[in-house]
Amino acid sequence: MTFRFPDPDRRLVAVSLVQEVATPRAGPEFERSGDGDGELWQVRLERPAVDRMEYLLELLHADGGRELVCDPHNPVQAPGAFGSKSVMEFPGYAAPGWLRRAAGGPAGPVQDLTVPSRTLGRGVPVRLWCSAGTDPAEPLPLLVVHDGVQYAEFSDLLVMLDTLSAQRTLPPMRAALLHPVARDEDYSASPNYAEALHGEVLPHLHRPAPIAPGRRMRVGMGCSLGALAMLHAHRTYPPSFGGLFLQSGSFFHHRYDRYELAFEYFQRIRWFTDRVHASREWDQPIPIRMTCGRVEMNFANNRATSLVLRRQGYDVEFYQVPDAHNWIGWRDTFQPGLVNLLGELWG
(Lines give C-alpha, C1' and ligand atoms only; values in the text may rest on other atoms or scores of the structure.)
Protein backbone atom coordinates (compact mmCIF):
# COMPACT_ATOMS: atom_id res chain seq x y z
CA MET A 1 0.00 0.00 0.00
CA THR A 2 1.22 3.49 -0.79
CA PHE A 3 -0.24 6.45 1.10
CA ARG A 4 0.20 9.99 -0.26
CA PHE A 5 -0.55 13.45 1.10
CA PRO A 6 -0.07 16.55 -1.12
CA ASP A 7 1.86 19.51 0.27
CA PRO A 8 2.62 21.85 -2.68
CA ASP A 9 3.09 24.88 -0.40
CA ARG A 10 5.45 23.04 1.99
CA ARG A 11 3.29 23.85 5.00
CA LEU A 12 4.13 20.63 6.81
CA VAL A 13 7.26 19.50 8.63
CA ALA A 14 6.24 15.84 8.88
CA VAL A 15 3.40 13.41 8.17
CA SER A 16 2.89 10.09 9.97
CA LEU A 17 0.47 7.19 9.65
CA VAL A 18 -1.44 6.44 12.87
CA GLN A 19 -2.85 2.93 12.92
CA GLU A 20 -3.57 -0.10 15.14
CA VAL A 21 -2.14 -2.95 13.08
CA ALA A 22 1.62 -2.60 13.64
CA THR A 23 3.97 -1.27 16.30
CA PRO A 24 4.70 1.47 16.89
CA ARG A 25 1.11 2.67 16.46
CA ALA A 26 2.28 6.17 15.52
CA GLY A 27 4.16 5.42 12.34
CA PRO A 28 5.66 4.87 9.91
CA GLU A 29 6.58 8.40 8.90
CA PHE A 30 6.06 9.69 5.37
CA GLU A 31 8.91 10.94 3.20
CA ARG A 32 8.78 14.12 1.15
CA SER A 33 9.02 13.70 -2.61
CA GLY A 34 8.38 15.66 -5.82
CA ASP A 35 8.69 19.39 -6.38
CA GLY A 36 6.50 22.42 -7.03
CA ASP A 37 2.79 21.67 -7.43
CA GLY A 38 3.61 17.97 -7.41
CA GLU A 39 5.30 18.00 -4.03
CA LEU A 40 3.84 15.49 -1.60
CA TRP A 41 4.50 13.15 1.31
CA GLN A 42 4.27 9.41 0.84
CA VAL A 43 4.94 6.10 2.60
CA ARG A 44 4.73 2.47 1.61
CA LEU A 45 3.40 -0.19 3.97
CA GLU A 46 3.21 -3.93 3.50
CA ARG A 47 -0.28 -5.36 3.93
CA PRO A 48 -0.76 -6.36 7.59
CA ALA A 49 -2.47 -9.56 8.73
CA VAL A 50 -5.96 -8.02 8.68
CA ASP A 51 -8.86 -7.77 6.25
CA ARG A 52 -9.42 -4.08 6.93
CA MET A 53 -7.35 -1.30 8.49
CA GLU A 54 -8.51 1.88 10.19
CA TYR A 55 -6.07 4.78 10.23
CA LEU A 56 -5.51 8.53 10.57
CA LEU A 57 -2.81 10.89 9.35
CA GLU A 58 -0.87 12.99 11.85
CA LEU A 59 0.28 16.31 10.39
CA LEU A 60 3.11 18.29 12.02
CA HIS A 61 2.88 21.96 11.03
CA ALA A 62 5.76 24.42 10.84
CA ASP A 63 4.55 26.21 14.00
CA GLY A 64 4.81 22.97 15.97
CA GLY A 65 1.08 22.23 15.98
CA ARG A 66 -0.07 18.66 15.44
CA GLU A 67 -3.29 17.62 13.74
CA LEU A 68 -4.99 14.23 13.29
CA VAL A 69 -7.05 14.01 10.10
CA CYS A 70 -8.77 11.44 7.97
CA ASP A 71 -7.22 10.65 4.61
CA PRO A 72 -8.70 13.28 2.22
CA HIS A 73 -8.27 10.92 -0.72
CA ASN A 74 -10.11 7.99 0.84
CA PRO A 75 -13.92 8.32 1.14
CA VAL A 76 -14.31 5.13 3.20
CA GLN A 77 -14.58 5.89 6.92
CA ALA A 78 -15.62 4.12 10.12
CA PRO A 79 -17.27 5.76 13.15
CA GLY A 80 -15.93 5.74 16.69
CA ALA A 81 -16.28 7.38 20.08
CA PHE A 82 -13.36 9.71 19.30
CA GLY A 83 -14.41 10.53 15.74
CA SER A 84 -14.24 8.86 12.36
CA LYS A 85 -11.21 7.11 10.88
CA SER A 86 -10.27 6.32 7.32
CA VAL A 87 -10.55 2.66 6.34
CA MET A 88 -8.63 0.49 3.93
CA GLU A 89 -10.67 -2.60 3.01
CA PHE A 90 -8.55 -5.35 1.48
CA PRO A 91 -9.65 -7.89 -1.15
CA GLY A 92 -11.69 -10.59 0.54
CA TYR A 93 -13.27 -8.40 3.18
CA ALA A 94 -17.06 -8.52 3.37
CA ALA A 95 -19.44 -6.87 5.82
CA PRO A 96 -21.86 -9.19 7.66
CA GLY A 97 -24.75 -10.53 5.63
CA TRP A 98 -27.33 -9.33 8.16
CA LEU A 99 -26.20 -5.75 7.51
CA ARG A 100 -27.11 -6.09 3.82
CA ARG A 101 -30.52 -7.55 4.68
CA ALA A 102 -31.41 -4.96 7.31
CA ALA A 103 -33.32 -2.40 5.21
CA GLY A 104 -37.07 -2.31 5.64
CA GLY A 105 -37.35 -4.71 8.57
CA PRO A 106 -39.46 -3.97 11.65
CA ALA A 107 -37.67 -2.14 14.47
CA GLY A 108 -38.29 -3.11 18.06
CA PRO A 109 -39.40 -0.47 20.58
CA VAL A 110 -36.70 1.38 22.54
CA GLN A 111 -36.95 3.31 25.81
CA ASP A 112 -34.38 5.15 27.90
CA LEU A 113 -34.34 5.04 31.67
CA THR A 114 -31.95 5.46 34.60
CA VAL A 115 -31.54 2.80 37.27
CA PRO A 116 -30.81 4.37 40.68
CA SER A 117 -27.88 2.91 42.60
CA ARG A 118 -27.11 3.56 46.25
CA THR A 119 -23.94 1.51 45.92
CA LEU A 120 -22.54 3.83 43.24
CA GLY A 121 -24.18 6.99 44.54
CA ARG A 122 -25.56 7.75 41.07
CA GLY A 123 -27.79 6.35 38.39
CA VAL A 124 -26.92 3.89 35.63
CA PRO A 125 -28.35 5.00 32.25
CA VAL A 126 -29.98 2.15 30.32
CA ARG A 127 -31.51 1.92 26.86
CA LEU A 128 -34.02 -0.94 26.67
CA TRP A 129 -34.78 -2.67 23.37
CA CYS A 130 -37.30 -5.42 22.71
CA SER A 131 -38.02 -7.61 19.68
CA ALA A 132 -40.79 -6.14 17.52
CA GLY A 133 -44.28 -7.47 18.18
CA THR A 134 -43.68 -8.87 21.66
CA ASP A 135 -45.93 -8.39 24.68
CA PRO A 136 -44.35 -5.83 27.08
CA ALA A 137 -45.48 -7.96 30.04
CA GLU A 138 -44.06 -11.25 28.70
CA PRO A 139 -40.93 -12.52 30.46
CA LEU A 140 -38.15 -12.79 27.86
CA PRO A 141 -34.42 -13.56 27.75
CA LEU A 142 -32.21 -10.53 28.37
CA LEU A 143 -28.90 -9.49 26.81
CA VAL A 144 -27.06 -7.02 29.10
CA VAL A 145 -24.50 -4.93 27.20
CA HIS A 146 -21.70 -2.81 28.62
CA ASP A 147 -21.04 0.29 26.47
CA GLY A 148 -24.40 -0.64 24.97
CA VAL A 149 -25.28 2.74 23.50
CA GLN A 150 -21.90 2.85 21.74
CA TYR A 151 -22.46 -0.68 20.47
CA ALA A 152 -25.75 0.49 18.96
CA GLU A 153 -24.25 3.65 17.48
CA PHE A 154 -20.95 2.33 16.14
CA SER A 155 -21.52 -1.42 15.69
CA ASP A 156 -25.20 -1.52 14.59
CA LEU A 157 -26.07 -3.90 17.42
CA LEU A 158 -29.78 -3.07 17.38
CA VAL A 159 -29.85 -3.36 13.59
CA MET A 160 -28.53 -6.90 13.95
CA LEU A 161 -31.01 -7.74 16.71
CA ASP A 162 -33.93 -6.31 14.72
CA THR A 163 -32.92 -8.11 11.54
CA LEU A 164 -32.22 -11.53 13.01
CA SER A 165 -35.26 -11.39 15.31
CA ALA A 166 -37.49 -10.66 12.31
CA GLN A 167 -35.92 -13.63 10.49
CA ARG A 168 -36.41 -15.80 13.62
CA THR A 169 -32.69 -16.54 13.69
CA LEU A 170 -32.91 -15.12 17.21
CA PRO A 171 -35.85 -15.79 19.56
CA PRO A 172 -37.98 -12.98 20.98
CA MET A 173 -35.75 -11.20 23.49
CA ARG A 174 -34.78 -7.95 25.15
CA ALA A 175 -31.48 -6.08 25.38
CA ALA A 176 -30.41 -3.65 28.11
CA LEU A 177 -27.79 -1.29 26.72
CA LEU A 178 -25.89 0.06 29.72
CA HIS A 179 -24.16 3.42 29.37
CA PRO A 180 -21.23 4.05 31.74
CA VAL A 181 -21.02 7.22 33.80
CA ALA A 182 -17.51 6.61 35.15
CA ARG A 183 -16.28 4.01 32.67
CA ASP A 184 -12.65 3.59 33.71
CA GLU A 185 -13.60 3.26 37.37
CA ASP A 186 -16.72 1.10 36.98
CA TYR A 187 -15.43 -1.29 34.32
CA SER A 188 -12.02 -1.94 35.92
CA ALA A 189 -12.91 -4.93 38.16
CA SER A 190 -14.68 -2.62 40.61
CA PRO A 191 -16.32 -4.45 43.54
CA ASN A 192 -18.83 -1.61 43.92
CA TYR A 193 -19.88 -1.78 40.28
CA ALA A 194 -20.24 -5.58 40.34
CA GLU A 195 -22.42 -5.28 43.45
CA ALA A 196 -24.56 -2.58 41.81
CA LEU A 197 -24.97 -4.55 38.60
CA HIS A 198 -26.01 -7.74 40.39
CA GLY A 199 -27.97 -6.30 43.29
CA GLU A 200 -29.57 -3.17 41.82
CA VAL A 201 -29.47 -2.96 38.02
CA LEU A 202 -30.61 -6.49 37.14
CA PRO A 203 -33.41 -6.58 39.75
CA HIS A 204 -34.64 -3.13 38.69
CA LEU A 205 -34.86 -4.21 35.05
CA HIS A 206 -37.45 -6.87 35.96
CA ARG A 207 -40.05 -4.08 36.25
CA PRO A 208 -39.94 -2.52 32.76
CA ALA A 209 -38.51 -5.67 31.14
CA PRO A 210 -39.66 -8.92 32.78
CA ILE A 211 -36.86 -11.48 32.53
CA ALA A 212 -37.52 -15.16 31.91
CA PRO A 213 -36.52 -17.28 34.93
CA GLY A 214 -33.19 -19.07 35.09
CA ARG A 215 -29.59 -17.85 34.95
CA ARG A 216 -29.19 -18.96 31.33
CA MET A 217 -31.82 -16.40 30.31
CA ARG A 218 -29.38 -13.57 31.15
CA VAL A 219 -26.31 -13.11 28.96
CA GLY A 220 -23.65 -10.45 29.52
CA MET A 221 -21.72 -8.76 26.72
CA GLY A 222 -18.92 -6.21 26.53
CA CYS A 223 -15.78 -5.10 24.75
CA SER A 224 -12.40 -4.00 26.13
CA LEU A 225 -12.91 -2.83 29.74
CA GLY A 226 -16.60 -3.70 29.39
CA ALA A 227 -15.68 -7.34 28.71
CA LEU A 228 -13.43 -7.38 31.76
CA ALA A 229 -16.25 -5.98 33.91
CA MET A 230 -18.63 -8.71 32.72
CA LEU A 231 -16.18 -11.46 33.62
CA HIS A 232 -15.55 -9.80 36.98
CA ALA A 233 -19.30 -9.58 37.69
CA HIS A 234 -19.71 -13.26 36.84
CA ARG A 235 -16.82 -14.37 39.06
CA THR A 236 -18.04 -12.16 41.93
CA TYR A 237 -21.74 -13.03 41.61
CA PRO A 238 -22.07 -16.27 39.60
CA PRO A 239 -25.91 -16.22 39.53
CA SER A 240 -25.86 -12.96 37.52
CA PHE A 241 -25.35 -14.46 34.06
CA GLY A 242 -25.69 -17.79 32.29
CA GLY A 243 -23.41 -16.87 29.39
CA LEU A 244 -20.91 -14.20 28.34
CA PHE A 245 -19.84 -12.70 25.02
CA LEU A 246 -16.47 -10.98 25.58
CA GLN A 247 -14.69 -8.96 22.88
CA SER A 248 -11.05 -7.83 23.15
CA GLY A 249 -11.19 -7.96 26.92
CA SER A 250 -8.78 -5.83 28.97
CA PHE A 251 -7.54 -8.86 30.89
CA PHE A 252 -4.33 -7.16 32.00
CA HIS A 253 -1.79 -9.72 33.19
CA HIS A 254 1.77 -9.29 34.43
CA ARG A 255 3.14 -11.46 31.61
CA TYR A 256 1.63 -9.51 28.74
CA ASP A 257 0.65 -5.96 29.65
CA ARG A 258 3.55 -3.89 30.93
CA TYR A 259 2.57 -1.21 28.40
CA GLU A 260 -0.67 -0.61 30.37
CA LEU A 261 1.10 0.22 33.64
CA ALA A 262 0.13 3.89 33.41
CA PHE A 263 -3.60 3.08 33.51
CA GLU A 264 -5.02 4.30 36.83
CA TYR A 265 -6.70 1.00 37.72
CA PHE A 266 -4.06 -1.34 36.28
CA GLN A 267 -3.17 -2.97 39.60
CA ARG A 268 -6.79 -3.69 40.48
CA ILE A 269 -7.38 -5.30 37.10
CA ARG A 270 -4.15 -7.29 37.27
CA TRP A 271 -4.97 -8.51 40.76
CA PHE A 272 -8.33 -9.85 39.54
CA THR A 273 -6.94 -11.37 36.35
CA ASP A 274 -4.06 -13.02 38.20
CA ARG A 275 -6.55 -14.62 40.59
CA VAL A 276 -8.57 -15.96 37.66
CA HIS A 277 -5.44 -17.40 36.06
CA ALA A 278 -4.26 -18.92 39.34
CA SER A 279 -7.48 -20.85 39.98
CA ARG A 280 -7.32 -24.55 39.13
CA GLU A 281 -11.08 -24.99 38.94
CA TRP A 282 -14.37 -23.11 39.11
CA ASP A 283 -17.57 -24.67 40.37
CA GLN A 284 -20.03 -22.56 38.35
CA PRO A 285 -18.74 -22.40 34.75
CA ILE A 286 -20.92 -21.00 31.97
CA PRO A 287 -20.66 -20.82 28.17
CA ILE A 288 -18.32 -18.01 27.07
CA ARG A 289 -17.58 -16.81 23.55
CA MET A 290 -14.54 -14.57 23.12
CA THR A 291 -13.24 -12.55 20.16
CA CYS A 292 -10.00 -10.63 19.70
CA GLY A 293 -8.14 -9.09 16.76
CA ARG A 294 -4.96 -10.91 15.77
CA VAL A 295 -2.93 -7.68 15.74
CA GLU A 296 -4.22 -6.29 19.05
CA MET A 297 -1.75 -5.65 21.84
CA ASN A 298 -3.99 -7.61 24.20
CA PHE A 299 -4.34 -10.66 21.93
CA ALA A 300 -1.98 -12.72 24.09
CA ASN A 301 -3.88 -12.07 27.31
CA ASN A 302 -7.23 -12.85 25.64
CA ARG A 303 -5.96 -16.15 24.27
CA ALA A 304 -4.36 -17.04 27.61
CA THR A 305 -7.55 -16.19 29.50
CA SER A 306 -9.61 -18.36 27.13
CA LEU A 307 -7.30 -21.31 27.80
CA VAL A 308 -7.45 -20.75 31.56
CA LEU A 309 -11.25 -20.64 31.56
CA ARG A 310 -11.44 -23.77 29.42
CA ARG A 311 -9.16 -25.56 31.87
CA GLN A 312 -11.52 -24.56 34.68
CA GLY A 313 -14.46 -26.25 32.98
CA TYR A 314 -15.98 -23.42 30.98
CA ASP A 315 -17.43 -24.04 27.51
CA VAL A 316 -15.20 -21.51 25.70
CA GLU A 317 -14.85 -20.67 22.02
CA PHE A 318 -12.17 -18.14 21.04
CA TYR A 319 -12.46 -16.35 17.68
CA GLN A 320 -9.31 -14.83 16.19
CA VAL A 321 -10.43 -11.83 14.16
CA PRO A 322 -8.53 -10.42 11.13
CA ASP A 323 -8.99 -6.86 12.46
CA ALA A 324 -7.89 -4.62 15.33
CA HIS A 325 -9.41 -3.00 18.44
CA ASN A 326 -12.39 -1.21 16.89
CA TRP A 327 -16.17 -1.18 16.69
CA ILE A 328 -16.43 -2.61 13.18
CA GLY A 329 -14.12 -5.49 14.04
CA TRP A 330 -16.39 -6.27 16.99
CA ARG A 331 -19.51 -5.91 14.82
CA ASP A 332 -18.20 -8.34 12.25
CA THR A 333 -18.04 -11.17 14.82
CA PHE A 334 -21.57 -10.86 16.25
CA GLN A 335 -22.31 -13.73 13.92
CA PRO A 336 -21.43 -16.50 14.56
CA GLY A 337 -20.10 -15.70 18.06
CA LEU A 338 -22.96 -13.88 19.79
CA VAL A 339 -25.77 -15.25 17.63
CA ASN A 340 -24.76 -18.86 18.19
CA LEU A 341 -24.39 -18.31 21.94
CA LEU A 342 -27.89 -16.84 22.24
CA GLY A 343 -29.30 -19.62 20.09
CA GLU A 344 -27.68 -22.30 22.22
CA LEU A 345 -28.96 -20.81 25.48
CA TRP A 346 -32.36 -19.56 24.35
CA GLY A 347 -33.24 -21.67 21.31
Problem - Steps toward ring pair (Phe, Tyr, Trp, His ring centres under 6.0 Å) verdict (F272, F252) - result: CA-CA 9 Å; F272 164 68; F252 300 160; over 10 Å; no

Handout entry: Donor-acceptor under 3.5 Å (D162 side chain, G108 main chain)
Key = yes

Practice task
Check the hydrophobic clustering (I, L, V, M, F, W, Y; side-chain heavy atoms under 4.5 Å; chains of links allowed) and say if V115 and V149 are grouped together.
Solution key: no

Handout entry: R331 to W327 six-membered ring, cation-pi geometry met (6.0 Å, 45°)
Key = no

Practice task
Examine L177 and L170 and state if one hydrophobic cluster contains both, with Ile, Leu, Val, Met, Phe, Trp and Tyr joined whenever side-chain heavy atoms are less than 4.5 Å apart.
Solution key: yes

Practice task
Kindly determine whether Q284 and Y314 satisfy side-chain hydrogen bond (donor to acceptor under 3.5 Å, both in side chains), including the steps that lead there.
Solution key: CA-CA 8 Å; Q284 299 192 55; Y314 287 83; over 6 Å; no

Practice task
Step by step, work out the side-chain hydrogen bond (donor to acceptor under 3.5 Å, both in side chains) result for W41 and S33.
Solution key: CA-CA 6 Å; W41 298 85; S33 64; over 6 Å; no

Exercise for the section: Might you confirm whether atom CD of E31 has over 12 heavy atoms from other residues, nucleotides or ligands at distances under 6.0 Å? Expected result: no

Problem - Within one Ile-Leu-Val-Met-Phe-Trp-Tyr cluster: L120 and Y265, side-chain cutoff 4.5 Å - result: yes

Handout entry: Shared hydrophobic cluster for V276 and F251 (ILVMFWY, side-chain gaps under 4.5 Å)
Key = yes

Exercise for the section: Consider only side-chain heavy atoms of I, L, V, M, F, W and Y, link residues closer than 4.5 Å, and tell whether L99 and L158 are in one cluster. Expected result: yes

Practice task
Return yes if some donor-acceptor pair links the side-chain N/O of S240 with the main-chain N/O of Y237 below 3.5 Å, else return no.
Solution key: yes

Problem - Salt bridge K85-E20, side-chain N to carboxylate O under 4.0 Å - result: yes

Exercise for the section: Inspect the contact between E200 and R118 and indicate whether a charged nitrogen and a carboxylate oxygen are less than 4.0 angstrom apart. Expected result: no

Handout entry: salt_bridge(R294, D51) N-O dist < 4.0 Å
Key = no

Handout entry: Side-chain donor or acceptor of N326 paired with backbone N/O of G329 under 3.5 Å
Key = yes

Problem - Charged N-O contact under 4.0 Å between R127 and E153 - result: no

Practice task
Determine the interplanar angle of the F3 and Y55 rings, folded into 0 to 90°, and report it as parallel if under 30°, tilted if 30 to 60°, perpendicular if over 60°.
Solution key: perpendicular

Exercise for the section: Answer yes or no on whether R216 is positioned over the face of W346, meaning its NZ or CZ is under 6.0 Å from the six-membered ring centre and within 45° of the axis. Expected result: no

Practice task
Would you kindly say whether Y193 and H146 are connected by a side-chain donor-acceptor distance under 3.5 Å?
Solution key: yes

Problem - Lys/Arg N to Asp/Glu carboxylate O, R310 vs D315, below 4.0 Å - result: no

